[in-house]
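Read the structure below first, then the notes.
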Amino acid sequence: MSELKGRKLAFIEAYINDPKRNQTQAAVTAGYSKKTSAQIASRLMKDDNIITAIKEREKELHEQNTARADEVIEFLTSVMRGEEVDNIPLFIGDGEQELTEGTPSAKDRLRAAEMLGKYYALFTDKTHIEGDGVVQIIDNIPRSDNNADNTDPA
């Protein structure tokens, strides 16, 4: 993306920031003429450098905006330990409330502990079965006339 400059770079940013991903509007926002913006946008979207830059920027934004697994585990751990601060509304009379800071409730801390326990598989039954014998499956369940096919097994 370093080789792209000026209006091309502005086009990429406008395109990425537009929730509708309107190419023509992105070209206008980047400073191209309204009259020729549709053709210019079409041409720009066929440019391999522009397409690569858009994909790189989308990936970068995704990484910035998405929590990683370690971040989630750290957050749940801090909630469980009561280290997170939360705003708690307190009723002060006449229908008014005041926000005060407090630690997570016991219910919230327990829920965080449960989620961590599930992540670390602390609550699963660990069964280990060993054997060196041969497994033999015997299918000797008689068929009833109601469930039998019209074919004769003999």
Side-chain angles (χ1 to χ4, degrees), residues 1-34 37-141 147:
M1 201 153 95
S2 61
E3 61 196 44
L4 298 171
K5 294 183 174 130
R7 290 192 290 184
K8 287 184 178 182
L9 191 58
F11 171 79
I12 293 167
E13 287 302 315
Y15 180 74
I16 293 290
N17 293 327
D18 183 3
K20 295 180 182 178
R21 298 289 168 105
N22 186 321
Q23 300 169 9
T24 304
Q25 185 57 47
V28 172
T29 304
Y32 292 99
S33 164
K34 282 186 179 183
S37 60
Q39 293 85 3
I40 290 171
S42 177
R43 181 174 41 85
L44 289 173
M45 291 303 286
K46 291 176 185 170
D47 184 335
D48 289 339
N49 292 331
I50 301 260
I51 292 169
T52 301
I54 288 172
K55 287 180 182 176
E56 286 175 4
R57 185 71 175 116
E58 286 173 336
K59 183 179 177 186
E60 183 181 305
L61 289 173
H62 178 74
E63 289 172 358
Q64 286 176 2
N65 297 328
T66 306
R68 295 183 320 274
D70 62 325
E71 290 177 305
V72 173
I73 299 303
E74 288 171 8
F75 174 74
L76 289 173
T77 301
S78 67
V79 170
M80 183 192 74
R81 292 179 178 163
E83 297 168 351
E84 283 296 313
V85 176
D86 196 9
N87 288 324
I88 303 168
L90 293 176
F91 179 70
I92 57 174
D94 295 329
E96 293 184 29
Q97 292 181 345
E98 184 178 277
L99 291 178
T100 184
E101 288 187 350
T103 58
S105 68
K107 179 178 147 183
D108 293 335
R109 293 174 70 181
L110 178 61
R111 179 69 179 134
E114 285 177 18
M115 293 175 79
L116 284 167
K118 285 180 183 178
Y119 176 78
Y120 289 113
L122 299 176
F123 309 125
T124 58
D125 292 332
K126 295 177 178 131
T127 307
H128 183 72
I129 299 173
E130 280 188 39
D132 56 0
V134 177
V135 176
Q136 183 178 7
I137 299 173
I138 301 172
D139 184 11
N140 64 353
I141 301 171
N147 295 333

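All of these numbers come straight from a predicted model, not from anything done at the bench. Position 1 is the first residue of the sequence; numbering continues from there.
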Could you check if a side-chain atom of [X] sits within less than 4.5 angstrom of a side-chain atom of [Y], using non-hydrogen atoms only?
X      : Y      : result
Arg21  : Ile16  : yes
Arg111 : Asp108 : no
Leu44  : Tyr32  : yes
Lys55  : Lys59  : no
Tyr15  : Arg57  : no
Thr24  : Ser37  : yes
Asp86  : Glu101 : no

Closest non-hydrogen atom pair between [X] and [Y], with its separation:
X      : Y      : value
Arg109 : Pro104 : CD-O, 3.6 Å
Ala53  : Ile12  : CB-CD1, 3.5 Å
Gly117 : Phe123 : CA-CE1, 3.4 Å

[X] [atom1] to [Y] [atom2] distance, which is reported to the nearest 0.5 Å:
X      : Y      : atom1 : atom2 : value
Gln25  : Lys34  : CD    : NZ    : 7.5 Å
Asn65  : Glu60  : CG    : CD    : 10.0 Å
Tyr119 : Thr77  : OH    : OG1   : 10.5 Å
Glu114 : Leu116 : CD    : CG    : 10.5 Å
Ile50  : Arg43  : CD1   : CZ    : 9.0 Å

**Item:** Donor-acceptor under 3.5 Å (Ser42 side chain, Ala38 main chain)
**Value:**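 Not at all, since once roles are kept as given, no pair shorter than 3.5 Å links the two residues.
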**Prompt:** Between Asp47 (side chain) and Asn49 (backbone), is there a donor-acceptor pair under 3.5 Å?
**Reply:**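 Such a contact is found between Asp47 side chain and Asn49 backbone.
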**Request:** Could you pull out all residues at least two apart from Glu98 that satisfy side-chain contact (heavy atoms from CB on, under 4.5 Å)?
**Result:**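 Partners of Glu98 under the side-chain contact (heavy atoms from CB on, under 4.5 Å) test: Ile92.
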**Asked** Can you name the side-chain contact (heavy atoms from CB on, under 4.5 Å) partners of Phe75, sequence neighbours left out?
**Response**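 Phe75: side-chain contact (heavy atoms from CB on, under 4.5 Å) contacts with Ser78, Val79, Glu84.
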**Message:** Before you tell me yes or no, could you show the steps for Val72 and Met115 under side chain to side chain contact (heavy atoms under 4.5 Å, CB included), namely the whole-Å CA-CA distance, both residues' side-chain angles and the distance that decides it to 0.1 Å?
**Reply:** CA-CA 10 Å; Val72 173; Met115 293 175 79; over 6 Å; no
